[in-house]
Amino acid sequence: MKKSHRIILSILIISFIILLILVKLEKTMNIDTKVYNFIIKIKSNELTNIVKAITNLGDTFIIISSIIMCFLLFRKRIYPILITSNILGIVLLNQTLKHIVMRPRPEFLHLVEESGFSFPSGHSMAAFGFYGYFIYLISISKLNKKIKIILNIILSIYKKIGILY
(Lines give C-alpha, C1' and ligand atoms only; values in the text may rest on other atoms or scores of the structure.)
Protein backbone atom coordinates (compact mmCIF):
# COMPACT_ATOMS: atom_id res chain seq x y z
CA MET A 1 0.00 0.00 0.00
CA LYS A 2 1.29 3.43 -0.96
CA LYS A 3 2.18 5.89 1.78
CA SER A 4 -0.50 8.35 0.58
CA HIS A 5 -3.12 5.57 0.79
CA ARG A 6 -2.04 4.73 4.34
CA ILE A 7 -2.35 8.39 5.32
CA ILE A 8 -5.83 8.69 3.81
CA LEU A 9 -6.92 5.42 5.44
CA SER A 10 -5.56 6.60 8.80
CA ILE A 11 -7.43 9.92 8.53
CA LEU A 12 -10.67 8.09 7.67
CA ILE A 13 -10.29 5.66 10.59
CA ILE A 14 -9.50 8.45 13.05
CA SER A 15 -12.47 10.50 11.77
CA PHE A 16 -14.78 7.52 12.18
CA ILE A 17 -13.53 6.86 15.71
CA ILE A 18 -14.17 10.51 16.62
CA LEU A 19 -17.70 10.27 15.18
CA LEU A 20 -18.25 7.00 17.05
CA ILE A 21 -17.25 8.66 20.33
CA LEU A 22 -19.47 11.71 19.66
CA VAL A 23 -22.46 9.47 18.92
CA LYS A 24 -21.79 7.32 22.01
CA LEU A 25 -21.63 10.46 24.17
CA GLU A 26 -24.84 11.74 22.52
CA LYS A 27 -23.09 14.88 21.27
CA THR A 28 -24.69 14.68 17.81
CA MET A 29 -28.33 15.11 18.84
CA ASN A 30 -28.47 18.76 17.74
CA ILE A 31 -27.23 17.81 14.25
CA ASP A 32 -29.61 14.84 14.14
CA THR A 33 -32.59 17.06 14.90
CA LYS A 34 -31.64 19.52 12.15
CA VAL A 35 -31.21 16.69 9.63
CA TYR A 36 -34.55 15.09 10.58
CA ASN A 37 -36.33 18.46 10.30
CA PHE A 38 -34.77 19.03 6.87
CA ILE A 39 -35.82 15.55 5.69
CA ILE A 40 -39.39 16.18 6.85
CA LYS A 41 -39.45 19.43 4.81
CA ILE A 42 -38.27 17.77 1.58
CA LYS A 43 -40.13 14.49 1.99
CA SER A 44 -42.09 13.41 -1.09
CA ASN A 45 -43.25 10.19 -2.76
CA GLU A 46 -40.74 10.69 -5.59
CA LEU A 47 -37.82 11.18 -3.19
CA THR A 48 -38.96 8.19 -1.14
CA ASN A 49 -38.90 6.00 -4.26
CA ILE A 50 -35.39 7.22 -5.14
CA VAL A 51 -34.13 6.53 -1.61
CA LYS A 52 -35.64 3.04 -1.67
CA ALA A 53 -33.93 2.32 -5.01
CA ILE A 54 -30.61 3.55 -3.62
CA THR A 55 -31.07 1.41 -0.52
CA ASN A 56 -31.23 -1.69 -2.69
CA LEU A 57 -27.58 -1.17 -3.73
CA GLY A 58 -26.55 -2.11 -0.18
CA ASP A 59 -29.08 -4.93 0.00
CA THR A 60 -27.90 -8.39 1.05
CA PHE A 61 -29.29 -9.93 -2.15
CA ILE A 62 -27.31 -7.51 -4.37
CA ILE A 63 -24.07 -8.08 -2.46
CA ILE A 64 -24.46 -11.87 -2.42
CA SER A 65 -25.31 -11.82 -6.15
CA SER A 66 -22.19 -9.73 -6.79
CA ILE A 67 -20.04 -12.19 -4.83
CA ILE A 68 -21.46 -15.09 -6.87
CA MET A 69 -20.68 -13.15 -10.07
CA CYS A 70 -17.11 -12.70 -8.82
CA PHE A 71 -16.74 -16.46 -8.42
CA LEU A 72 -18.00 -16.89 -11.99
CA LEU A 73 -15.96 -14.08 -13.58
CA PHE A 74 -12.57 -14.09 -11.85
CA ARG A 75 -10.12 -16.74 -12.93
CA LYS A 76 -8.14 -16.31 -9.74
CA ARG A 77 -10.33 -17.71 -7.00
CA ILE A 78 -8.54 -15.62 -4.39
CA TYR A 79 -10.49 -12.45 -5.36
CA PRO A 80 -13.96 -13.81 -4.60
CA ILE A 81 -12.61 -15.33 -1.38
CA LEU A 82 -11.11 -11.96 -0.38
CA ILE A 83 -14.35 -10.14 -1.22
CA THR A 84 -16.41 -12.67 0.76
CA SER A 85 -14.03 -12.42 3.74
CA ASN A 86 -14.18 -8.62 3.51
CA ILE A 87 -17.98 -8.46 3.64
CA LEU A 88 -18.14 -10.98 6.49
CA GLY A 89 -15.59 -8.88 8.40
CA ILE A 90 -17.65 -5.75 7.79
CA VAL A 91 -20.83 -7.42 9.08
CA LEU A 92 -18.99 -8.60 12.19
CA LEU A 93 -17.43 -5.15 12.78
CA ASN A 94 -20.78 -3.45 12.21
CA GLN A 95 -22.59 -5.64 14.74
CA THR A 96 -19.78 -5.19 17.26
CA LEU A 97 -19.86 -1.39 16.92
CA LYS A 98 -23.68 -1.34 17.13
CA HIS A 99 -23.49 -3.15 20.48
CA ILE A 100 -20.76 -0.83 21.76
CA VAL A 101 -22.65 2.36 20.84
CA MET A 102 -26.21 0.99 21.43
CA ARG A 103 -27.87 3.96 19.74
CA PRO A 104 -31.64 3.44 19.44
CA ARG A 105 -33.36 3.93 16.10
CA PRO A 106 -35.23 7.21 15.63
CA GLU A 107 -38.90 7.02 16.52
CA PHE A 108 -40.12 8.65 13.30
CA LEU A 109 -39.51 8.63 9.53
CA HIS A 110 -39.57 4.86 9.06
CA LEU A 111 -39.56 3.93 5.38
CA VAL A 112 -38.66 0.39 6.34
CA GLU A 113 -39.06 -1.24 9.73
CA GLU A 114 -35.74 -2.44 11.08
CA SER A 115 -34.79 -3.86 14.43
CA GLY A 116 -31.64 -3.42 16.44
CA PHE A 117 -29.48 -0.38 16.97
CA SER A 118 -29.12 2.40 14.40
CA PHE A 119 -25.43 3.34 14.43
CA PRO A 120 -23.34 2.61 12.49
CA SER A 121 -25.55 2.01 9.48
CA GLY A 122 -25.25 -1.53 8.18
CA HIS A 123 -26.16 -0.42 4.65
CA SER A 124 -23.53 2.32 4.64
CA MET A 125 -20.80 0.11 6.04
CA ALA A 126 -21.65 -2.69 3.63
CA ALA A 127 -21.69 -0.33 0.64
CA PHE A 128 -18.45 1.40 1.65
CA GLY A 129 -16.61 -1.81 2.49
CA PHE A 130 -17.90 -3.96 -0.36
CA TYR A 131 -17.71 -1.47 -3.22
CA GLY A 132 -14.56 0.16 -1.84
CA TYR A 133 -12.72 -3.14 -1.61
CA PHE A 134 -13.99 -4.13 -5.05
CA ILE A 135 -12.53 -0.84 -6.41
CA TYR A 136 -9.22 -1.62 -4.74
CA LEU A 137 -9.07 -5.13 -6.23
CA ILE A 138 -9.89 -3.80 -9.69
CA SER A 139 -7.21 -1.11 -9.31
CA ILE A 140 -4.48 -3.64 -8.55
CA SER A 141 -5.70 -6.14 -11.18
CA LYS A 142 -4.17 -6.63 -14.61
CA LEU A 143 -7.30 -5.50 -16.43
CA ASN A 144 -7.05 -3.03 -19.30
CA LYS A 145 -6.66 0.54 -17.96
CA LYS A 146 -9.84 1.78 -19.72
CA ILE A 147 -11.88 -1.09 -18.27
CA LYS A 148 -10.46 -0.35 -14.80
CA ILE A 149 -11.49 3.29 -15.10
CA ILE A 150 -15.03 2.45 -16.26
CA LEU A 151 -15.53 -0.20 -13.54
CA ASN A 152 -14.12 2.06 -10.84
CA ILE A 153 -16.38 4.96 -11.87
CA ILE A 154 -19.46 2.71 -11.77
CA LEU A 155 -18.48 1.19 -8.40
CA SER A 156 -17.59 4.62 -6.96
CA ILE A 157 -21.07 5.87 -7.83
CA TYR A 158 -22.61 2.80 -6.16
CA LYS A 159 -20.40 3.28 -3.12
CA LYS A 160 -21.22 6.97 -2.83
CA ILE A 161 -24.95 6.32 -3.20
CA GLY A 162 -24.81 3.55 -0.59
CA ILE A 163 -22.99 5.81 1.87
CA LEU A 164 -25.53 8.59 1.39
CA TYR A 165 -28.33 6.30 2.46
Side-chain angles (χ1 to χ4, degrees), residues 5 8-9 11-70 73 83-84 86-139 146-165:
H5 292 164
I8 291 169
L9 183 61
I11 290 169
L12 290 172
I13 290 170
I14 291 168
S15 298
F16 182 76
I17 290 170
I18 291 169
L19 178 61
L20 193 71
I21 292 167
L22 291 173
V23 170
K24 178 69 178 169
L25 296 174
E26 298 182 3
K27 299 292 184 187
T28 60
M29 297 307 241
N30 201 16
I31 296 169
D32 293 346
T33 302
K34 288 178 182 177
V35 169
Y36 290 136
N37 289 335
F38 174 73
I39 290 171
I40 289 169
K41 285 180 187 174
I42 65 166
K43 186 179 174 189
S44 69
N45 289 335
E46 294 80 18
L47 186 59
T48 297
N49 290 334
I50 291 169
V51 170
K52 284 182 178 181
I54 289 170
T55 299
N56 290 333
L57 294 174
D59 190 63
T60 304
F61 176 78
I62 298 294
I63 291 178
I64 289 173
S65 299
S66 300
I67 291 170
I68 291 169
M69 281 183 18
C70 290
L73 294 175
I83 291 169
T84 303
N86 175 60
I87 198 67
L88 291 174
I90 290 166
V91 169
L92 214 118
L93 177 62
N94 180 264
Q95 291 303 307
T96 302
L97 292 174
K98 280 182 182 284
H99 284 88
I100 289 171
V101 176
M102 297 190 314
R103 184 178 195 193
R105 293 193 174 272
E107 294 185 20
F108 53 91
L109 285 180
H110 292 280
L111 294 179
V112 178
E113 284 299 320
E114 291 286 338
S115 59
F117 299 115
S118 69
F119 184 86
S121 163
H123 270 82
S124 293
M125 278 187 74
F128 184 80
F130 178 75
Y131 293 114
Y133 193 58
F134 215 151
I135 290 168
Y136 170 74
L137 290 176
I138 288 169
S139 297
K146 288 180 183 178
I147 293 173
K148 282 184 183 183
I149 291 170
I150 291 167
L151 288 173
N152 282 341
I153 288 170
I154 292 167
L155 292 171
S156 294
I157 291 168
Y158 281 0
K159 182 177 85 164
K160 184 68 172 176
I161 289 171
I163 292 169
L164 290 176
Y165 168 75

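- Within 6.0 Å of atom CD1 in Ile31, 12 or fewer heavy atoms from other residues, nucleotides or ligands are found, so the atom counts as exposed in its surroundings.
- Considering every non-hydrogen atom in both Phe119 and Leu20, the closest pair reads CE2-CD1, 3.4 Å.
- Annotation: the span from Ile39 atom CD1 to Leu47 atom CG amounts to 9.0 Å, rounded to 0.5 Å.
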Please report, to 0.1 Å, the donor-acceptor pairs under 3.5 Å made by any side chain of residues 86-100, with sequence neighbours excluded.
residue: Asn86; atom: ND2; partner: Gly129; partner atom: O; Å: 3.0
residue: Asn94; atom: ND2; partner: Pro120; partner atom: O; Å: 3.1
residue: Thr96; atom: OG1; partner: Leu92; partner atom: O; Å: 2.8
residue: Lys98; atom: NZ; partner: Phe117; partner atom: O; Å: 2.8
residue: Lys98; atom: NZ; partner: Pro120; partner atom: O; Å: 2.9
residue: His99; atom: ND1; partner: Gln95; partner atom: O; Å: 2.9

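- The distance from the CD1 atom of Ile149 to the NZ atom of Lys146 is 9.0 Å, given to the nearest 0.5 Å.
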